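Input: a single structure, listed below in structure tokens.
For clarity, every value in this text was computed on a predicted model and none was experimentally measured. Counting convention: from 1, in listed order, for ligands and their atoms alike.
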Amino acid sequence: MKVKFCGLTREEDVSKAVSLGVDYVGFILYPLSKRYVRPERLKELFKVAEDAKKVAVFVEPSYEEVKLALDYGADLIQLHGDESIDFARKIGMERVIKAFRVKQDFSIDQRWKEAYAILLDTYQEGLYGGTGRTFDWSVARRFVEGGFRIFLSGGLNPQNVQAAVKEVRPYAVDVSSGIEKSPGVKDHKKMEEFMHAVKDSSKD
Ligand SMILES: O=C(O)c1ccccc1N[C@@H]1O[C@H](COP(=O)(O)O)[C@@H](O)[C@H]1O
């Protein structure tokens with residue numbers, strides 16, 4: 001099971017994530033987020049990311065903004081708004097994690113299977129991400145069974161991640177607010193607990 005820690009803003013939190021063996025570290029480049037990091041900060045934060053894959057998270061960015069993050073060394077681009085397939089193809093589908101916020105009667109265009117992965121997050125009016133709320137995991141299970149590479153997100157924390165893994169069997173789990181002290185500031189104890197819980201769930 002792969003793990004992505006997202007919404008990182010501080011070097012010490014990136015280093016802690018790396019020491020715990022996370023596979024992906026995510027940084028929010030959406031200016032309205034409480035976890036926003038300026039693009040120039042990526043250079044400093046990426047320096048301590050070592051072998052973890054570096055994910056730049058955007059909401060409906062311009063191509064130039066994406067290009068800058070790639071030039072700074074981002075491995076993957078997470079598109080968390082209503083971006084089109086054509087826009088993702090311009091970036092390179094193999095570099096795109098496309099996020100969808102799960103609502104009633106939800107479906108995904110099969111062409112998104114070309115993307116690096118699909119991230120499923122909770123829908124909440126007025127918020128693009130970092131809701132801290134879960135959604136109906138049976139929906140995520142349906143997409144796993146349908147052959148999508150799924151990053152399960154939305155309200156995961158050290159207490160519920162094992163149940164989530166057991167029900168969904170995703171490719172990866174993604175967490176942000178569930179391992180925080182306050183927005184953008186991670187809690188190292190919660191980070192450890194989350195990783196231990198994921199490792200334990202892999203033993204089942
Ligand atoms: O965290 C944010 O503020 C945010 C803003 C815009 C797009 C995505 C954002 N966060 C992403 O939301 C998911 C789930 O977060 P949580 O675990 O429920 O807090 C995660 O991928 C965050 O990176």
Side-chain angles (χ1 to χ4, degrees), residues 1-10 13-14 17 22-39 41-42 45 49 52-62 65-66 69 74-83 87-88 96-103 106 115-137 139-140 143 148-165 168 170-187 190-191 193-195 197-198:
M1 177 68 45
K2 308 276 186 198
V3 177
K4 172 167 169 270
F5 281 177
C6 206
L8 299 157
T9 64
R10 310 187 307 165
D13 296 345
V14 180
V22 298
D23 304 281
Y24 305 87
V25 284
F27 306 90
I28 311 285
L29 288 113
Y30 175 54
L32 300 185
S33 170
K34 294 175 194 157
R35 303 170 184 92
Y36 175 67
V37 292
R38 287 177 294 102
R41 276 284 287 143
L42 291 180
L45 293 162
K53 287 198 164 55
K54 302 174 281 294
V55 184
V57 180
F58 289 99
V59 176
E60 293 160 22
S62 66
E65 289 172 303
V66 169
D75 298 297
L76 291 162
I77 302 297
Q78 183 172 321
L79 298 175
H80 220 97
D82 290 326
E83 299 84 2
F87 185 70
V96 169
I97 299 176
K98 179 67 189 93
F100 291 94
R101 297 177 301 141
V102 177
K103 278 199 225 180
F106 170 74
Y116 179 85
I118 296 298
L119 182 146
L120 295 179
D121 192 7
T122 306
Y123 179 83
Q124 187 177 325
E125 186 74 44
L127 267 189
Y128 276 104
T131 64
R133 293 174 51 213
T134 58
F135 62 92
D136 177 359
W137 292 330
V139 177
F143 287 101
F148 285 90
R149 179 191 270 186
I150 296 294
F151 277 48
L152 181 67
S153 185
L156 297 181
N157 59 48
Q159 286 71 44
N160 67 11
V161 68
Q162 282 188 3
V165 167
V168 179
Y171 176 78
V173 285
D174 172 290
V175 60
S176 177
S177 53
I179 51 167
E180 283 181 337
K181 275 187 199 160
S182 60
V185 179
K186 297 303 185 212
D187 181 320
K190 289 184 190 169
M191 291 166 89
E193 287 168 358
F194 191 91
M195 284 304 278
V198 173

Open item on the list: Could you check whether Lys186 pairs with Asp13 (Lys NZ or Arg NE/NH1/NH2 to Asp/Glu carboxylate O, under 4.0 Å)?
Closed with: no

TODO: For Gly154, counting its heavy atoms only, list the atoms of ligand 1 lying under 4.0 Å from any of them.
DONE: 14 (C), 18 (O)

Task: Within reach of ligand 1, part of Ile28 (heavy-atom separation under 4.0 Å) - done: side chain

TODO: Report yes or no: do Ser177 and Glu180 form a side-chain donor-acceptor pair below 3.5 Å?
DONE: no

Task: Distance from atom 10 (N) of ligand 1 to nearest protein heavy atom, with residue and atom - done: Gly130 N, 3.2 Å

Open item on the list: Given Ser176, Gly155, Ser33, identify the one with the heavy atom nearest to atom 3 (O) of ligand 1.
Closed with: Ser33

TODO: Evaluate the ring-ring contact (aromatic ring centres under 6.0 Å, His included) criterion for residues Phe106 and Tyr123: first the C-alpha distance (whole Å), next the side-chain angles of each, then the deciding distance (0.1 Å), finally the verdict.
DONE: CA-CA 11 Å; Phe106 170 74; Tyr123 179 83; over 10 Å; no

Open item on the list: Does the residue Gly26 have a heavy-atom contact with ligand 1, meaning some pair of atoms that are separated by less than 4.0 Å?
Closed with: no

- [ ] Would you mind listing which atoms of ligand 1 come within a distance below 4.0 Å of any non-hydrogen atom of Ser153?
- [x] 13 (C), 14 (C), 20 (C), 21 (O)

Open item on the list: For atom 19 (O) of ligand 1, what is the closest protein heavy atom, and at what distance to 0.1 Å?
Closed with: Ser177 OG, 2.5 Å

TODO: Give yes or no for whether the N/O distance cutoff of 3.5 Å, strictly under, is met between Gly132 and ligand 1.
DONE: yes

- [ ] If you have a sec, work out which protein heavy atom is nearest atom 6 (C) of ligand 1 and how many Å separate them, to one decimal?
- [x] Tyr30 CD2, 3.7 Å

Task: Asp121: numbered ligand 1 atoms lying under 4.0 Å from its heavy atoms - done: 12 (O), 13 (C), 14 (C)

Task: Option passing side chain to side chain contact (heavy atoms under 4.5 Å, CB included) with Cys6 (candidates Val22, Leu119, Ile28) - done: Ile28

Open item on the list: Considering non-hydrogen atoms of the protein only, which is the closest contact for atom 9 (C) of ligand 1, and what is the distance?
Closed with: Gly129 CA, 3.5 Å

Open item on the list: Any heavy-atom pair between the side chains of Leu29 and Leu42 that's under 4.5 Å?
Closed with: yes

Open item on the list: Starting from atom 23 (O) of ligand 1, what is the nearest protein heavy atom, named by residue and atom, and what distance separates them?
Closed with: Cys6 SG, 2.7 Å

Open item on the list: Minimum heavy-atom separation for Asn160 and Gly155, please, with both atom names.
Closed with: ND2-O, 2.9 Å

Task: Protein heavy atom at shortest distance from atom 21 (O) of ligand 1 - done: Asp174 OD1, 2.8 Å

Open item on the list: For Gln78, state whether at least one heavy atom is located under 4.0 Å from any atom of ligand 1.
Closed with: yes

TODO: Return a yes/no value for Arg133: is any of its N or O atoms, backbone included, closer than 3.5 angstrom to an N or O of ligand 1?
DONE: no

Task: Under 3.5 Å: donor-acceptor pair, side chain of Thr9, backbone of Gly184 - done: yes

Open item on the list: Please tell me whether Phe100 and Phe148 form a close aromatic pair, meaning their ring centres lie under 6.0 Å apart.
Closed with: no

Open item on the list: I need the nearest protein heavy-atom contact for atom 1 (O) of ligand 1: residue, atom name and distance, please.
Closed with: Arg35 NH1, 2.9 Å

TODO: Using distance alone, with no hydrogens and no angle criterion, decide if Gln124 and Arg133 have a side-chain donor and acceptor under 3.5 Å apart.
DONE: yes

Task: Steps toward salt bridge (charged side-chain N to carboxylate O under 4.0 Å, His left out) verdict (Asp75, Lys54) - done: CA-CA 5 Å; Asp75 298 297; Lys54 302 174 281 294; 3.5 Å; yes

